[in-house]
2 protein chains.
Amino acid sequence: MPKLGMEPIRKQALVNATIVEIGRVGSLDVTVSQIAKRAGMSSALAHHYFGSKEEMFLAAMRHVLTLYGAEVRGALAAADGPDARLRAILRASFSPMNFRRDVVGAWLNFWVLAQSVPGAKRLLGVYQGRLRSNLRACLRPRADAAQIADGLGALIDGLYLREVLKDGPADGARAVAVALDYLDARLRGANAS
Amino acid sequence: MPKLGMEPIRKQALVNATIVEIGRVGSLDVTVSQIAKRAGMSSALAHHYFGSKEEMFLAAMRHVLTLYGAEVRGALAAADGPDARLRAILRASFSPMNFRRDVVGAWLNFWVLAQSVPGAKRLLGVYQGRLRSNLRACLRPRADAAQIADGLGALIDGLYLREVLKDGPADGARAVAVALDYLDARLRGANAS
DNA sequence: TCGTTTATTGACTCGTCAATCAACAAAAGA
DNA sequence: TCTTTTGTTGATTGACGAGTCAATAAACGA
């Protein structure tokens, strides 16, 4: 049975299974056995490839973040002009992939993980920093670019949160609409206060 | 030692200890023993008063929600006019009490809890419903009241989130400023798109 | 061919923790 | 006084789960 070069395949399967299981259970209280089972292997093998459960969580987090980053980069590449780039970031952030129930559930639990695991906190910091700098870049000429970007970043996270708790299916288009609604108003309005 | 009428005192102590411990550990992975110890009693007594750990979590959540509700109600009572009432809700939401590190940590974990415990989900639903109806009431005359309220609610939650992850101390005043910044722009601007 | 590396698992260890229980202490009531 | 109610805990149970280990097997390299 044992074919060589299994490591990357097994790891990927475990990462996917981790995300699915976290989303299914709705918390980080998933056992390595559950994850391994879903990935079609024994828990011992999971421990063999990732040294620990925490390492598995971090790998899953890294994967989600990587996918998101790729999506944003792709959307940005196809947009020119600051305005179009802003909208591209929003659309990417609320794309169906990011709104898959398990992915959003994973994000939520990663936020919690970041409270206690420094590695997780660092990863989230990288994501937030990139998002912030992307947003600011689109708003650079304005004096209040930083404040607008911070608010918009928070709005994105908040809209995410709402979707997790909703009963029905997530509605990315609506989230984009709400965000654009505020952003447009803020961009047009005088820089208040 | 045993004085009578201990029940409410013990329960309150446990609820407070639960919030503190969740905030300290940064997750729901707190043992009943830890909580009981901080509350100055044995874990057996904790189980005696609340039947289970889950019941303790729900009681703590109810308490946080009650405090928040009282704060909003108090702020609303002292404000007249829709505009002042909107600002009152914002100020109450970002009051120092709600930005205490452990309280915000508790909120974050309650969001996670709501994913798997129906009772928790119901409680959060009540909170969100009240917040939404309060916000809408302040915006009633407008045709787009619902959309503005939804965005503002999400913005509040998102700003919360940012504070949890920050390293330094939480800054409620800044959050209020960012929220007002967007809200003012949105209220003044044409109802876009 | 034979040792080495990679893949894989079942069984096991060790710790932890929620929940229970038996027992004890003090107040209230009869 | 005696009994019932309330408060309180140490010890115990029972389950579960992360991580380890020994053993097996296939491929590879020399």
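Naming convention: chains lettered A, B, ... in sequence-line order (proteins, then strands); numbering from 1 in each chain. All values below were derived from every heavy atom in this structure, side-chain atoms included, with hydrogens, water molecules and symmetry-related copies excluded.
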**Student:** Between P on D:dG29 and CG on A:Leu4, what's the gap in Å once rounded to a whole number?
**Tutor:** 9 Å
**Student:** I need the full list of side chain to side chain donor-acceptor pair (under 3.5 Å) pairs touching residues 35-47 of chain B, with sequence neighbours left out, sorted by first then second residue.
**Tutor:** B:Glu21-B:Arg38
**Student:** Within this structure, what is the CG-to-P distance between A:Leu14 and C:dT8, rounded to whole angstrom?
**Tutor:** 11 Å
**Student:** Could you state the CD-C1' distance from A:Glu7 to C:dT5, rounded to the nearest angstrom?
**Tutor:** 13 Å
**Student:** Show me the pairs that pass salt bridge (charged side-chain N to carboxylate O under 4.0 Å, His left out) and involve residues 4-13 of chain A, at least two apart or across chains.
**Tutor:** A:Glu7-A:Lys11
**Student:** In whole Å, I'd like the distance from the NZ atom of A:Lys11 to the C1' atom of C:dT8.
**Tutor:** 16 Å
**Student:** Listing request: all salt bridge (charged side-chain N to carboxylate O under 4.0 Å, His left out) pairs with a residue in residues 69-85 of chain B, at least two apart in sequence or in separate chains.
**Tutor:** B:Asp83-B:Arg87
**Student:** Atom CE of A:Met6 and atom C1' of D:dA27: how far apart are they, to the nearest Å?
**Tutor:** 12 Å
**Student:** Using atom CD of A:Glu54 as one end and atom C1' of D:dG17 as the other, report the distance to the nearest whole Å.
**Tutor:** 16 Å
**Student:** Using a side-chain heavy atom cutoff under 4.5 Å and only I, L, V, M, F, W and Y, what cluster partners does B:Leu67 have?
**Tutor:** B:Met97
**Student:** Given C:dT8, is OP1 or OP2 found less than 4.0 Å from the side-chain N or O atoms of A:Arg10?
**Tutor:** yes
**Student:** Just jot down the ring pair (Phe, Tyr, Trp, His ring centres under 6.0 Å) partners of A:Phe94, sequence neighbours excluded, or say none.
**Tutor:** A:Phe99, A:Tyr160
**Student:** Which nucleotide in the set C:dA19, D:dG19, D:dT9 lies at the smallest distance from any side-chain heavy atom of B:Ser42?
**Tutor:** D:dT9
**Student:** A:Tyr127: which residues meet the ring pair (Phe, Tyr, Trp, His ring centres under 6.0 Å) condition with it, sequence neighbours left out?
**Tutor:** A:Tyr68, A:Trp107
**Student:** Working to the nearest 0.5 angstrom, can you tell me the gap between A:Leu86 CG and A:Leu76 CG?
**Tutor:** 9.5 Å
**Student:** Strictly below 4.0 Å, heavy-atom distances to any atom of DNA chain D: list the hits from residues 44-51 of chain B, or just say none.
**Tutor:** B:Ala44, B:Leu45, B:His48, B:Tyr49
**Student:** Could you pull out all donor-acceptor pairs under 3.5 Å where a side-chain atom in residues 50-62 of chain B meets a protein atom, sequence neighbours excluded?
**Tutor:**
from, atom 1, to, atom 2, distance (Å)
B:Ser52, OG, B:Glu55, N, 3.2
B:Lys53, NZ, B:Val30, O, 3.0

**Student:** Provide, to the nearest angstrom, the distance between the CE atom belonging to A:Met41 and the C1' atom belonging to C:dA7.
**Tutor:** 11 Å
**Student:** Hey, does B:Ser52 reach any base, or is it just sugar-phosphate, or nothing, if we go heavy atoms under 4.0 Å?
**Tutor:** sugar-phosphate
**Student:** Under 4.0 Å, heavy atom to any atom of DNA chain C: which of residues 15-40 of chain A qualify?
**Tutor:** none
**Student:** Can you tell me if B:Tyr182 uses its side chain to pair, donor with acceptor, with the backbone of A:Leu152 under 3.5 Å?
**Tutor:** yes
